[in-house]
Amino acid sequence: MSLTHHSRGKFITIEGTEGVGKSTNIAFIQEYLKAKNIPLLLTREPGGTPLAEQIRALLLENRDEKMDEAAELLLVFAARSQHLQSVILPALDKGVWVLCDRFTDATYAYQGGGRGLDVSLIENLEQCIQGDLRPDLTLLLDIDVRTGLQRASQRGELDRFENEQIDFFEKVRAAYLEMASKHVGRYSVINAANSLEHVQRNIIDALEQFLDKN
Ligand code: TMP
């Protein structure tokens, strides 16, 4: 073993429906891991590279032409492939931890749950683009859809997803919760309806537990 040997970084993702408080809590997690001297890269999906950010803009832009659901799915995975190869994998290989604002669970939730696309189609693309790579820890911030949308609507102009109906977000949330119950070891579900202080205590608990195991 060479002296420069280091272990592979951990891959942590944050998920949730609109207005759940992802941004505030991501900044909190970033500070928390920094204080532990863990080398960390913060990134997001769709996006995280110049090309993938352009694809993000295409996905979020409101337009008159209805975007075909399979086209949406493929754009999400096109961005993901670029992001993985040029940012995420090189960081993990160097021993840097990656904190990603959304990842493939969002595809299962939004394109699978929300749009109703066949889950096996998503599974096939996941396998094809990611191979065996899966997040090591996923924090799901969960809140009832109405409260979340009320919070999100205070942010100004709504993007193409935020403009969806409540029924769409109910399906997205249900898909997230179903995944959390299917992947208990990887997921930590945090009740985002609690006070920020309470939410952050729960996040610390989840991270401590994860750090103890790793
Ligand atoms: P956000 O990062 O500001 O939450 O916006 C990203 C939007 O993109 C959000 O509405 C969810 C959506 N999205 C998908 O539909 N599928 C995906 O795979 C990802 C990563 C995001």
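In listed order, ligands and their atoms are each counted from 1. These values consider heavy atoms only, across backbone and side chains, with no hydrogens, waters or symmetry-generated copies.
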Review point. Heavy-atom contacts under 4.0 Å between E18 and ligand 1: side chain, backbone, both, or neither?
Key: side chain

Review point. Counting each atom of ligand 1 from 1 as listed, which ones have a heavy atom of E45 under 4.0 Å away?
Key: 20 (C)

Review point. Can we say K171 and D167 salt-bridge, meaning some charged N sits less than 4.0 Å from an Asp/Glu carboxylate O?
Key: yes

Exercise for review: Give the atoms of ligand 1, by number and element, whose distance to some non-hydrogen atom of T107 is under 4.0 Å.
Suggested key: 17 (C), 18 (O)

Check your understanding: For ligand 1, which part of E162 has a heavy atom less than 4.0 Å away: the side chain, the backbone, both, or neither?
Key -> neither

Check your understanding: For ligand 1, which atoms, with element, lie under 4.0 Å from some heavy atom of V76?
Key -> 16 (N), 17 (C), 18 (O)

Review point. Looking just at side-chain N and O atoms, do T43 and H83 make a donor-acceptor pair shorter than 3.5 Å?
Key: yes

**Study point:** Protein contact of atom 10 (O) of ligand 1 - nearest heavy atom, named by residue and atom, plus distance
**Key:** F161 CB, 3.2 Å

Review point. Side chains of S86 and T49: is there a donor and an acceptor less than 3.5 Å apart?
Key: no

**Study point:** Between E69 and Q111: side-chain donor-acceptor atoms closer than 3.5 Å
**Key:** no

Review point. Can you find a pair of side-chain heavy atoms, one from R186 and one from L137, that are under 4.5 Å apart?
Key: no

Point to revise | Close-contact set for ligand 1 against P46 heavy atoms, below 4.0 Å | key: 8 (O), 19 (C), 20 (C), 21 (C)

Practice item. Using a strict 4.0 Å cut-off to heavy atoms of R80, name the atoms of ligand 1 that fall inside it. Key: 18 (O), 20 (C)

Check your understanding: Under 4.0 Å from ligand 1, counting heavy atoms only, is it the side chain of L59, its backbone, both or neither?
Key -> neither

**Study point:** E72 near ligand 1 by a heavy-atom separation under 4.0 Å
**Key:** no

Exercise for review: For atom 3 (O) of ligand 1, state which one of R115, R56, K22 supplies the nearest heavy atom.
Suggested key: R56

Check your understanding: Do R155 and E162 sit within salt-bridge range, that is, some charged N less than 4.0 Å from a carboxylate O?
Key -> yes

Practice item. Answer yes or no: is there a donor N or O on one side and an acceptor on the other, between the side chain of Q209 and the main chain of A206, under 3.5 Å? Key: no

Practice item. Would you confirm whether the ring centroid of Y176 sits within less than 6.0 angstrom of the ring centroid of Y108? Key: no

Practice item. Around atom 16 (N) of ligand 1, find the nearest protein heavy atom and jot down its residue, atom name and distance. Key: Q111 OE1, 2.8 Å

Review point. Near L60, which atoms of ligand 1 are under 4.0 Å from a heavy atom of that residue?
Key: 7 (C), 8 (O)

